[in-house]
Each structure stands twice: as C-alpha cells, then as structure tokens.
2 protein chains.
Amino acid sequence: MSTPAAPEPRPPLRERKKQRTREALLATGLRLFAERGFAETTLDELCDEVEVSKRTFFRTFASKEEVAMAPLHDLWELFLRELATATPAGETLVEFLHGVLLTALEGMTDPDWPRRVLVSQRLAERNPSVAAYGLYFCDRTTRAALALLRERFTLPDDLTVLLALDILIAAFHRAQEAWAAAPGPHTRDGLREHADAARTVLPVVLDAPVRAAARVGDS
Amino acid sequence: MSTPAAPEPRPPLRERKKQRTREALLATGLRLFAERGFAETTLDELCDEVEVSKRTFFRTFASKEEVAMAPLHDLWELFLRELATATPAGETLVEFLHGVLLTALEGMTDPDWPRRVLVSQRLAERNPSVAAYGLYFCDRTTRAALALLRERFTLPDDLTVLLALDILIAAFHRAQEAWAAAPGPHTRDGLREHADAARTVLPVVLDAPVRAAARVGDS
DNA sequence: TAGTCTTTTGCCACTCAGTGGCACAACGAA
DNA sequence: TTCGTTGTGCCACTGAGTGGCAAAAGACTA
C-alpha cells in the first residue's frame, strides 16, 4: 500500500480485510493490464484471480480506470493532504504549490511505487479512457485544492489561482510523460528531477518565441 | 452546421446525406441531453427519434460523449486548421496561439453555436464522462498542434511548446467556465472577452502571492 | 461464550454503450 | 441501364457497471 499514512492504531479486522482486498485488486489489476492490455483484461478475469465478486470490485473502485490510475491518484491525494497543513514562507503561489507537490512525492515511500506509476503511464498512453479518467481526476483535484487554499490563505481571484493550479498540474504531467519516456531506471528521484526541470521552464514559456522555419529549397 | 468551411462545390448526395444525419443526431442529442440528462437519455431513444440505427450513430460519432462535446470540439478542430496556415508576426508563441484561437472563435459563425456550447459546458459540469472526454480531446489537440508547429516553425524544445499549448488551453477552458457561469446572454463575443481576460492574467499567475489568512479570533 | 446487531459479501438479473458481420439499399460512374 | 462502390440496418453479442437481497462475517455485550 503506497499511501504514506502516519503510524496509527491497528485498524479493526474489517478495515484490514478491506485494505487487503483493495491492494490485491490493485496489484493484480496492474499486473494483468500490463501483461495483456487494459481492454483485453476483463473485470471477471481480475475478480476470479483475486477471488472476490465483481460487486465487491465496484465497492472498492469506482471504475476499471481507477485501478489503472490509482498509483498516480494516490500522489494527488497526498498532495491535497499536505496542502491542508503546509505553510508558505513568502514564495509565490506556484512555487509554494510545487513545494507541496514535491513533499507529497517524497511521501510516496513504497519502493514499488515508481514501477506502478510507470505501468499507469503506459496504460494511459495506450488507452484513451484511462488517460481521460486521469485528466478528469486532476481537474477535480484542482477544484479541491482551490477550496482548501481559500479556507487557509489570502489569495488573488479564483481565475488566477485556478490557472496557477492548472499550470502546476500541466507541468507535472509533462514531466511525468518525459520521465516515463526516458531510458534507464525509473525512480522517484528521477521523477522529481523532471518535475523540477518543468517547473524551471515555466517562466520561460510565456516568452517563448515562434518563427517561420527556414524552408529547404527556399533561397 | 457550425463548421465554417470555406465555400466549396456542392458535395455529392452521399456526403450531403451524411452531414444531414450528423447534424440531426447532434441537434437532437444536445436537445434530449439538455432536457432529460445525459445519462438518462439512451442512444436507442436518440436514434429512434432521428430514425437511424445505432450502428449508424457509431459510424457518425465515436461515442455518446462526442455528441455532447461536439460544439467545443468543432472549435478546436478549426483551431488546428487555422494553425496550419497562420503566420506569426514576431509575437511570442503563447500570443500567436492565442491569436489563432481567437481567429478560430471568429470562425464559429453559426448563430446557434454559443447556445450549443453552453449546453456542452453544462453537460460536462454534470457528467464526469463528458468532462473527461473533453479534457482528453484537448490533450490530443495539444499533440496535434505540436506536430503542426514543428513542421512549420522554428521553436524551442518540446517541453516548452507543450507547456505553452497546455497553458493556452487551460486559460481558454477556465474562460469558458467563467463565461458559462456568468449571468445574462451567452454570446461568442462574451466568450472572446473572457478568453482575453484569461490571457491577460497569465503573466501575473506565475508571480501570484499566497499568504496565511488573518484568522478571526487571533489577536 | 453465546446471542444479537451491524456491516460486508456474493449472487443474480439486468441495463446500455459499444462492436462486428453481413445482406440489402442507395448512390455514382460509365 | 448496368455494374461497382459505399452506406445502412439488423442482429447477436460483449463487458462495464448497477441495484436488490439473502447469507456470511465481524463486533459488541451480557
């Protein structure tokens, strides 16, 4: 389980069994999707292998796509939890948000998490419904973050804050794509480096130039 | 039909009939979705009313969601067509893209288009699968725009260009939401004004401040 | 420890978006 | 007018997703 929960008293058996079921569905789902393809793996097959009913599957996950995107969504959920307690130190909003996101990234302590994120990224690249679900989840995260920020801080207007969040999420998303596409081992630190690089580019983006290409054959 | 195609020779009967079918499915779909709800309207009902088979529906649209989002997607498709011919005049990439988008917006000449866009926006707000589809469509538009830009212009690295496109699309998306939420008549010009306002905010966003709120009861 | 209450699970039937195959209808060209 | 091409409708089907309900499992109390 990749959620970096603080140590807490042992949950009741019922809760522990629910978490075991969730983890089994998630691990098996990611494995089967990666081996056979997302569309080519039915939920009946997944539930047979985990030995739970499909009814239970849908009590655990909202949709098939949620399994595929769960590793990344765990990160965003932690981001929101960190945002609920983080304190800015005079930096800009985008820098503050970026810092909170990196803190959440540090909180992804399960050594298997990067591998799972890579599987998720591949599934999103190859399956439109997975990609769409991921994008929608981030849009909802933006909404939740705005509400959290409004409760806790003095901020500019909603449009400015929403755009700051959109820019942060777009930068991380592109970083994640670049990380997944890069050769070599895929590590959490590597993802952080790509995220930092994307963050660094942001001030340049608004001033980026565009010129007609020199056309071959044009003298 | 909201596509602002240049005047062209009369298409063959087959093509005209296809377009009539598409328009009938679109107009009827939007109407039924708005009246009854997206999920509450089945494709069987829609096809019965238009008197085509469901098989034909799926030859015309890739999904039910595509009907709901078609008005906005028409705009993005025109954006890509404009991008294939537009010439920058020394402005930044984001300004150039914004200009092309406004040109595409001017090309949405059907007087019914704003009303349809409003219906689409409402459907997206109320139906996750519609919103997700719209977001995914825009992500694919970003990809297509990058490829177009690369063919035609000298540009910075892919990350910078992708982020410029992401920022443009996010700004327009938020403008559209604000436009839909605003009281009074919803016009294409109103949407342009909101788009301009969002564009204007962009340079400010990266420097936007965040401070702890003064807490009531704290002396 | 047994009984009772609460929560969870599995089973089942079902809906509906979406798909593929194929025969027939409609259109287009010579 | 004939023939080739393209489009349509019909049909059977799949699989994600849903609701109802009885049985099983866990929690709590005396």
Side-chain angles (χ1 to χ4, degrees), chain A residues 9-26 28-30 32-33 36-70 123 126-134 136-137, chain B residues 9-26 28-30 32-33 36-70 123 126-134 136-137:
Chain A
R10 181 169 149 108
L13 181 61
R14 272 176 164 156
E15 184 59 33
R16 279 182 281 125
K17 291 185 77 170
K18 281 180 63 177
Q19 285 176 357
R20 278 204 287 267
T21 295
R22 183 181 192 276
E23 174 57 26
L25 286 168
L26 180 51
T28 306
L30 288 175
L32 293 177
F33 296 160
R36 308 180 187 177
F38 183 76
E40 291 80 12
T41 307
T42 66
L43 290 179
D44 281 338
E45 288 167 335
L46 170 56
C47 294
D48 280 350
E49 186 152 337
V50 179
E51 296 186 316
V52 297
S53 70
K54 200 160 74 170
R55 196 67 188 86
T56 295
F57 174 89
F58 282 109
R59 289 192 183 105
T60 308
F61 294 98
S63 66
K64 189 177 177 183
E65 284 76 15
E66 190 177 299
V67 177
M69 294 303 290
L123 293 172
R126 294 169 187 164
N127 299 277
S129 70
V130 176
Y133 185 79
Y136 177 69
F137 186 91
Chain B
R10 180 167 149 110
L13 181 60
R14 274 177 161 153
E15 185 59 34
R16 279 182 281 122
K17 291 184 75 170
K18 280 179 62 176
Q19 286 176 357
R20 280 203 288 266
T21 296
R22 184 180 191 277
E23 173 57 28
L25 285 167
L26 180 52
T28 306
L30 288 175
L32 292 176
F33 295 159
R36 309 180 186 177
F38 184 76
E40 292 77 15
T41 306
T42 66
L43 291 178
D44 280 337
E45 287 168 334
L46 171 55
C47 294
D48 280 350
E49 185 152 336
V50 178
E51 295 184 317
V52 298
S53 69
K54 201 161 69 171
R55 195 68 189 84
T56 295
F57 175 88
F58 281 110
R59 290 191 182 105
T60 309
F61 295 98
S63 66
K64 188 178 177 182
E65 283 76 15
E66 190 177 297
V67 177
M69 294 304 291
L123 293 172
R126 294 169 187 164
N127 298 277
S129 69
V130 176
Y133 185 79
Y136 177 70
F137 187 90

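Every chain is numbered from 1, with letters handed out A, B, ... down the list of sequences. In what follows, every heavy atom counts, from backbone to side chain, and hydrogens, waters and symmetry copies are set aside.
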Integer-rounded Å distance: [N] [atom2] and [X] [atom1]:
{"X": "A:Glu66", "N": "D:dA16", "atom1": "CD", "atom2": "C1'", "value": "14 Å"}
{"X": "A:Leu25", "N": "D:dA16", "atom1": "CG", "atom2": "C1'", "value": "15 Å"}
{"X": "A:Phe57", "N": "D:dT18", "atom1": "CZ", "atom2": "P", "value": "11 Å"}
{"X": "A:Phe33", "N": "D:dA16", "atom1": "CZ", "atom2": "C1'", "value": "11 Å"}
{"X": "A:Lys64", "N": "D:dG15", "atom1": "NZ", "atom2": "P", "value": "9 Å"}
{"X": "B:Phe58", "N": "D:dT14", "atom1": "CZ", "atom2": "P", "value": "17 Å"}

Which protein N or O atoms sit under 3.5 Å from an N or O of nucleotides 23-26 of chain D?
residue : atom : partner : partner atom : Å
D:dA25  : N3   : A:Arg14 : NH2          : 3.2
D:dG26  : OP1  : A:Lys17 : NZ           : 2.6
D:dG26  : N3   : A:Arg14 : NH2          : 3.4

field: Closest-nucleotide ordering on DNA chain D, the 5'-leading residue of A:Thr41 and A:Arg59
entry: A:Thr41
message: Which heavy atom of A:Asn127 sits nearest to which heavy atom of A:Ala39, and what is that distance?
response: OD1-N, 4.1 Å
- prompt: Should the heavy atoms of other residues, nucleotides or ligands under 6.0 Å from CD of A:Glu40 be counted, would the total exceed 12?
  reply: yes
task: Could you tell me whether B:Arg36 atom CZ has more than 12 heavy atoms of other residues or ligands within 6.0 Å of it?
output: yes
Show each protein N/O and nucleotides 28-30 of chain D N/O combination with a separation under 3.5 Å, one pair to a line.
none

- prompt: Heavy atoms under 4.0 Å, any strand shown: does A:Glu65 hit a base, just sugar-phosphate, or nothing?
  reply: sugar-phosphate
message: Once you apply a heavy-atom cut-off of 4.0 Å, does A:Glu51 come out as touching a base, just sugar-phosphate, or nothing?
response: sugar-phosphate
Donor-acceptor contact present, side-chain B:Arg22 to main-chain B:Thr60, <3.5 Å: no
query: Got a donor-acceptor contact below 3.5 angstrom from the A:Glu15 side chain to the A:Pro12 backbone?
result: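 No: the side chain of A:Glu15 does not pair with the backbone of A:Pro12.
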- request: By nearest nucleotide on DNA chain C, pick out whichever of B:Glu15 and A:Thr56 is the more 5' one.
  value: A:Thr56
- request: Taking only the side-chain nitrogens and oxygens of A:Thr42, find out if one of them lies under 4.0 Å from OP1 or OP2 of D:dG15.
  value: no
statement: chain A reaches DNA chain C, atoms under 4.0 Å from its heavy atoms, from C:dT6 to C:dC11
